[in-house]
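See below for the structure under consideration.
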Protein chains: 2
Amino acid sequence: MANLADLIEDFIKDMFSRIPGGILDIQRNEMANRFGCAPSQINYVLTTRFTLERGYFVESRRGGGGYIRIRKLKIREDEFLKEIIDYIGDSISGSEARALITRLREEKVISEREKEILNAVINRYNLGIPLPERDRLRARILKSVITAIMDYEARKGGELS
Amino acid sequence: MANLADLIEDFIKDMFSRIPGGILDIQRNEMANRFGCAPSQINYVLTTRFTLERGYFVESRRGGGGYIRIRKLKIREDEFLKEIIDYIGDSISGSEARALITRLREEKVISEREKEILNAVINRYNLGIPLPERDRLRARILKSVITAIMDYEARKGGELS
DNA sequence: TGATTTGACTTTCCCTGACCTTCAATTATA
DNA sequence: TATAATTGAAGGTCAGGGAAAGTCAAATCA
């Protein structure tokens, strides 16, 4: 412990505990100032600690009035999700992915249209990069999509078509 | 948020929601006065937020009695999607992609849930590969998703939430 | 050796001010 | 009176400064 990245991580998580709603906007420079470090250190923390696997989603905007927005996803406790994320691991082939998507449809986790969308997303020609990186990319994207769906449902609740 | 350009954008969009017809006339100076900014700021907002890509068309007239007229375009869905694919080209940045997804949602081409899914898919942190290949990958995925949607609609048709 | 940290450099976005163009109305002039 | 010049009221353009955040590779640390 006691390295900077961990401190910053804890600090941000602490901020989350103090706000309602699960959406936190921070300023990169302000953060860097507070910890007396290089601004890029903040990026390092975000890319290593606030990942989807760990239940966060990060967006940002540059320029005047820019910000970094961190969303804490509402689904960490979902067993089904965990299993799927585990199953995907950090690499998944096209056929495994298609089977998984079919399964998600059968379980009514996704709609017919969403199934088509996902199949398009994980298609090898669309990913268009060589193996084995392609299977890793596919895994990242699939996990992010499933996470997004779960988070959406956790936030809004509701059924599917 | 909280930058002027966003406020002005919201203000204008709010005016649109209050009028019938989709044609809105504004005065540049009056607008600048209302927001206490330079008149050219209004042009900035118009050229960055009320573009064709985002579904608006702007005309104006100088001189005494001059005005700026903003038209909200009506779309024909099939052509619209083809145009979007052209617009994407073979590389697209994250912010362009987000604007595009927002537009697809505004035009009710996609559902709220699908919007979340797509935002997750095109997110920098989730794609996790370096530029410039990242922007190309994003373009390929987005185009294939849109194609899949067109295809699905052609086969099944139907409305959205 | 892998994780952390930094710094130099890049890119994106916002906002303004100085200067330009267009148009309509009014005034001056032949 | 018919036309020409003037004026003032719009809107347009562009370069530049500044404010963020992003990238990447080299250095450092455990």
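Every chain is numbered from 1, with letters handed out A, B, ... down the list of sequences. Computed from a predicted structure; not experimentally measured.
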State whether [X] places a side-chain N or O below 4.0 Å from either non-bridging phosphate oxygen (OP1 or OP2) of [N].
| X | N | value |
| --- | --- | --- |
| A/Tyr44 | C/dT5 | no |
| B/Arg49 | C/dC14 | yes |
| A/Asn29 | D/dA20 | no |
| B/Gln27 | D/dG11 | yes |
| A/Arg61 | C/dC14 | yes |

Open item on the list: By nearest heavy atom, map B/Leu131 and B/Ile26 onto DNA chain D; which one lands nearer the 5' end?
Closed with: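 Its nearest nucleotide lies further toward 5', so the answer is B/Ile26.
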
Open item on the list: Need to verify one output field. Residue with the more 5' nearest nucleotide on DNA chain D, B/Arg134 or B/Gly65?
Closed with: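 Nearest nucleotide further toward 5': that of B/Gly65.
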
Indicate, with yes or no, if [Y] and [X] share a hydrophobic cluster defined by side-chain heavy-atom contacts under 4.5 Å among Ile, Leu, Val, Met, Phe, Trp and Tyr.
| X | Y | value |
| --- | --- | --- |
| B/Val121 | A/Leu100 | yes |
| B/Ile122 | A/Ile70 | no |
| B/Leu131 | A/Ile129 | no |

Tell me what [X] touches on the nucleic acid: a base, only sugar-phosphate, or nothing, going by heavy atoms under 4.0 Å.
| X | answer |
| --- | --- |
| A/Gly64 | base |
| B/Arg69 | nothing |
| B/Ile42 | nothing |
| B/Thr48 | nothing |

Distance check needed: [N] [atom2] versus [X] [atom1], whole Å only.
| X | N | atom1 | atom2 | result |
| --- | --- | --- | --- | --- |
| B/Asn33 | D/dA10 | CG | C1' | 13 Å |
| B/Asn3 | C/dT12 | CG | C1' | 13 Å |
| B/Gln41 | D/dC14 | CD | P | 17 Å |
| B/Asn43 | C/dG17 | CG | P | 14 Å |
| B/Glu133 | D/dT23 | CD | P | 15 Å |
| A/Met31 | C/dT5 | CE | C1' | 17 Å |
| A/Ile8 | C/dA3 | CD1 | C1' | 14 Å |
| A/Arg62 | D/dA21 | CZ | C1' | 6 Å |

TODO: Specify the closest pair of heavy atoms between A/Arg113 and B/Ile149, including all atoms of both residues, with the distance to one decimal.
DONE: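 Scanning both residues completely, I find the closest heavy atoms to be NH1-CG2, 3.9 Å.
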
- [ ] For the side chain of B/Cys37, starting at C-beta, report the closest nucleotide among C/dT16, D/dC24, D/dG11.
- [x]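 Closest nucleotide among those given: C/dT16.
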
Open item on the list: Any non-hydrogen side-chain atom of B/Lys72 less than 4.5 Å from a side-chain atom of B/Phe50?
Closed with: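 B/Lys72 does not reach B/Phe50 side chain to side chain.
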
Open item on the list: Quick check: do B/Leu7 and B/Phe35 have side-chain heavy atoms less than 4.5 Å from each other?
Closed with: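 Yes, side chains in contact.
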
Task: B/Glu96 or B/Ala38, whichever maps to the more 5' nucleotide of DNA chain C - done: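 Nearer the 5' end of the strand: B/Glu96.
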
Open item on the list: Nearest 0.5 angstrom please: A/Arg49 CZ to A/Tyr44 OH, how far?
Closed with: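 Reported value, rounded in 0.5 Å steps: 5.5 Å.
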
- [ ] With rounding to the nearest 0.5 Å, note down the distance linking CD1 in A/Ile68 to OG in A/Ser60.
- [x]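 The CD1 atom of A/Ile68 sits 6.0 Å away from the OG atom of A/Ser60.
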
Open item on the list: Just to be sure I understand the geometry, which residues of residues 118-126 of chain B put a non-hydrogen atom under 4.0 Å away from DNA chain C?
Closed with: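 Close to the strand, none.
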
Open item on the list: Is there, by distance only and without an angle test, a donor paired with an acceptor across the side chain of B/Ser40 and the base of C/dG17 below 3.5 Å?
Closed with: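 It does, because a donor-acceptor pair links the side chain of B/Ser40 to the base of C/dG17 below 3.5 Å.
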
